[in-house]
Amino acid sequence: MTNYPDMDIEIIIRDKVIDAIEKLYSHKADPNQVQIQNTRKDFEGDKTVVVFPFLRLSKKSPEQTGEELGNFLTGEVSEIAGFNVVKGFLNLVIDGSYWMNQLNEAAGDKQYGFSPVTDESELVMIEYSSPNTNKPLHLGHIRNNLLGFSISEIMKANGNKVVKTNIVNDRGIHICKSMYAWKTLGNGETPASSGKKGDHLVGEYYVKFDQLYKKEISELVAGGMSEDEAKDKAPSILAARDMLRKWEANDAEVRQLWETMNGWVYQGFDETYKMLGVDFDKIYYESDTYLIGRDEVIRGLDEGYFYRREDGSVWADLSGEGLDEKILLRSDGTSVYMTQDIGTAKMRFEDYDINHMIYVVGNEQNYHFQVLAILLDKLGYKWGKDLYHFSYGMVELPHGKMKSREGTVVDADDLVEGMIDVARKVSEELGKLDGYSEEEKNNIYRIVALGALKYFILKVDPRKSMLFNPEESIDFNGNTGPFIQYTYARIQSVLRKATDSGLSIPEKAPSIACNEKEIELIKTINRFPFVVKEAGDNHSPALIANYVYDLVKEFNQFYHDYSIVNETDETVRSFRLVLTRTVGQTIKNGFSLLGIEVPERM
RNA sequence: GGUCUGGUAGCUCAACUGGAUAGAGCAGCAGCCUUCUAAGCUGCCGGUUGCGGGUUCGAGUCCCGCCUGGAUCACCA
């Protein structure tokens, strides 16, 4: 009999299964053939070994093979207290003392489930958000920001150094449109003079430009011009293009206006970011990177990776990679989106010693990143083909995609504000916060509202598109952020009650004979570090969200069925208090990976 | 049209990457507060996993063909 106190039970089982196959059937089993999973709840046992893969080696029935393996394992591993075989599944019963140890591994560890970041840790740079500075953030950006922030936290928890970065698309024709509209129609309106948030104000002028442009087009078409020509000749678009040229030529007046309006937008964005609880370690601006990108393209041209057409435009021929040709510089020498991304990548790798680069960008840009990876590779960057495009699905409304022109955009600030209103209403109806100051209450409304919104978005598989119905407010009951926050607050309430009545909660749980719910809870807590790792490997906050929900559901059943503070057996009470506290800690840790706060009361 | 991607309960989502009887929430119905927070707990109802083949001990998951939604293929970003 061997004891492996600190080793994970699954590793032990895997090793011993391989031993067993060798001893019993004289075959070497491939470790990958050994499939171990948590036993489903409707069967007796804790860990299950799938025996089908070994039938070829044992040349016996699934039942008999399972029996033989079970007998071997029970004899070899002290933690295995018994087993049963159902069809081709060997269910192992793990001794209660093992679970008690597992609980005490987690108990009192504020960093439970997280791997430490060390000097040797790899550096992961994560780009997310990446707004244009001509309009405010909307629901699509919210998904991006929440995913980006959460992935960053998850990568940290997996022991990586993380640099959160943002590339701000602060130049280009779209910015000039807002600028032109403001200049001609704005009468000097400012955020201060109008009381409007800066990004919203600039966004209004972007819309006004579009209206003006459309009007001019229809007038020109009415005057006999073709639509294509009208689009090209409308006075407003000519003026915007002129501004862009002046901008590139460093025209003082245009630059001044550009800086002023962008300043308004940044102030607005900062508010929104702050409210969402997201931040960045390093911000890049397209206005700083596009020229570097242009130089890189020229270098690629000189070195023969790209070619120039007769009109002067520069292209990459990717037909060898099964893709099309891609433009890199316009015939007038100005740069496109791709150019800028090449420059930004170069700057980043000069600024940091990056091991992994992750771009959090919607799946509508899959092609773009496929091309970017190839281009960087061609330009000689060894990390080019290794960049990871975290491609997430779109947020759809009941009537389809958000269209700014059709007014179906769900504004980020409005959405958060609306959520806070709902949180306030729900909370006031329940009346549990009576006696708190307005400030305390407002903070709780904020925490709950954001918890609801963030959980709603993060619980779905990021790769899939998701539906948001603005008509129905996000739920606060069931599988939701507030339900989980509520359970956390409830746990804190129990712990307060314990200390208030003079009970001390020990660091480690005393050994007791656990009931089924307690074992289930420990098993669930025990899964957390694996879930964190899996979430990192799969880049999926949803795995964390679904896990925390499982844990909380489990706890609420336990809470309903058993007393904690009111338990009369002192040892059992101590054990349950430690268990309860550990569940609370695990909820908090899990939610921190989603960027969701937990309230002490609600 | 080429490429990529999705289709699971009335609705919104899961399913440990090929494992046991496909699970939750919402909505609907029926119960549980004199006791640690009822934003909770317990039941009931709800499914031919788009359709048809194939691969194997075993398929929602892998392969092929249809049906169907979406994205993308610009001197837009």
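The A/D475 side chain lies nearest to B/C26 when the options are B/C26, B/A20, B/A74. Relative to the side chain of A/K553, the nucleotides B/G25, B/C76, B/C73 differ in distance, and B/G25 lies closest. The side chain of A/K87 lies closest to B/U21, out of B/U21, B/G19, B/A24. Closest to the A/N556 side chain, of the nucleotides B/U35, B/C41, B/U37, is B/C41. Of the candidate nucleotides B/C36, B/A20, B/U37, B/C36 has the atom lying nearest to any side-chain atom of A/V565. Taking the side chain of A/N132 as heavy atoms from C-beta on, and the options B/A77, B/G19, B/C26, the nearest nucleotide is B/A77. For A/H560, counting side-chain heavy atoms from C-beta on, the closest listed nucleotide (B/C41, B/U35, B/A74) is B/C41. Distances from the side chain of A/V494 to the nucleotides B/U37, B/C73, B/A77 place B/U37 closest. Across B/A20, B/U37, B/C41, the shortest atom-to-atom separation from the side chain of A/N91 is found for B/A20.
Following rounding to the nearest Å, A/E364 (CD) and B/U3 (P) show an atom-to-atom distance of 22 Å. Between the CD1 atom of A/I474 and the C1' atom of B/G25 there is a distance of 14 Å, rounded to whole Å. Regarding A/I564, its CD1 atom lies at a distance of 16 Å from the P atom of B/U35, rounded to whole Å. For the pair A/Q33 CD and B/G18 P, the computed distance is 15 Å after rounding to whole Å. Per the geometry, CD belonging to A/Q370 stands 10 Å off P belonging to B/U5, to the nearest Å. For the pair A/N366 CG and B/G70 P, the interatomic distance rounds to 17 Å; values are reported in whole Å. Taking atom CG on A/D434 and atom P on B/U37, their separation rounds to 15 Å, with Å as the unit. At whole-Å resolution of the value, CG in A/D550 and P in B/G25 are 11 Å apart.
In RNA chain B, stems built from 3 or more consecutive Watson-Crick or G-U wobble pairs, each with both distances under 3.5 Å, span B:1-7 with B:67-73, B:10-13 with B:23-26, B:28-32 with B:40-44, B:50-54 with B:62-66.
A side-chain N or O of A/R330 and one of A/T334 form a donor-acceptor pair less than 3.5 Å apart.
A/Y388 and A/H539 have parallel rings, their planes meeting at less than 30° on a 0 to 90° scale where 60° marks the start of perpendicular. A perpendicular orientation is assigned to the rings of A/F89 and A/F52, their planes being inclined by more than 60° (bins at 30° and 60°).
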Pair A/R241, A/D332 - check salt bridge (Lys or Arg N to Asp or Glu O under 4.0 Å), show working.
CA-CA 12 Å; A/R241 280 188 199 139; A/D332 64 2; over 6 Å; no
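Ring-to-base geometry places A/F52 in a stacked arrangement with B/G19 (centre distance under 5.5 Å, plane angle under 30°). The aromatic ring of A/F89 stacks onto the base of B/A20, its centre lying under 5.5 Å from the centre of the six-membered base ring with the two planes under 30° apart.
The salt bridge (Lys or Arg N to Asp or Glu O under 4.0 Å) analysis of residues 421-431 of chain A, with sequence neighbours excluded, yields the pairs A/D421-A/R424.
Among residues two or more places apart in sequence or in another chain, the side chain to side chain contact (heavy atoms under 4.5 Å, CB included) test is passed with A/K553 by A/Y549, A/Q557. Remark: A/R463 pairs with A/D461 by the side chain to side chain contact (heavy atoms under 4.5 Å, CB included) rule, at least two apart or across chains. Here A/N262 pairs with A/T133, A/D170, A/I175, A/W258, A/Y266 under the side chain to side chain contact (heavy atoms under 4.5 Å, CB included) rule; sequence neighbours left out.
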If a protein heavy atom is under 4.0 Å from the base, mark B; if only from the sugar-phosphate, S; if neither, -; do that for nucleotides 8-16 of chain B going 5' to 3'.
----SSS--
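Contact detail for A/I544 and A/G590: the closest heavy-atom pair is CG2-O, 3.4 Å.
Comparing A/R171 and A/Y367 along RNA chain B, the residue whose closest nucleotide (by nearest heavy atom) sits nearer the 5' end is A/Y367.
Between A/R527 and A/E534, no side-chain nitrogen of the basic residue sits less than 4.0 Å from a carboxylate oxygen of the acidic one, so the salt-bridge criterion is not met.
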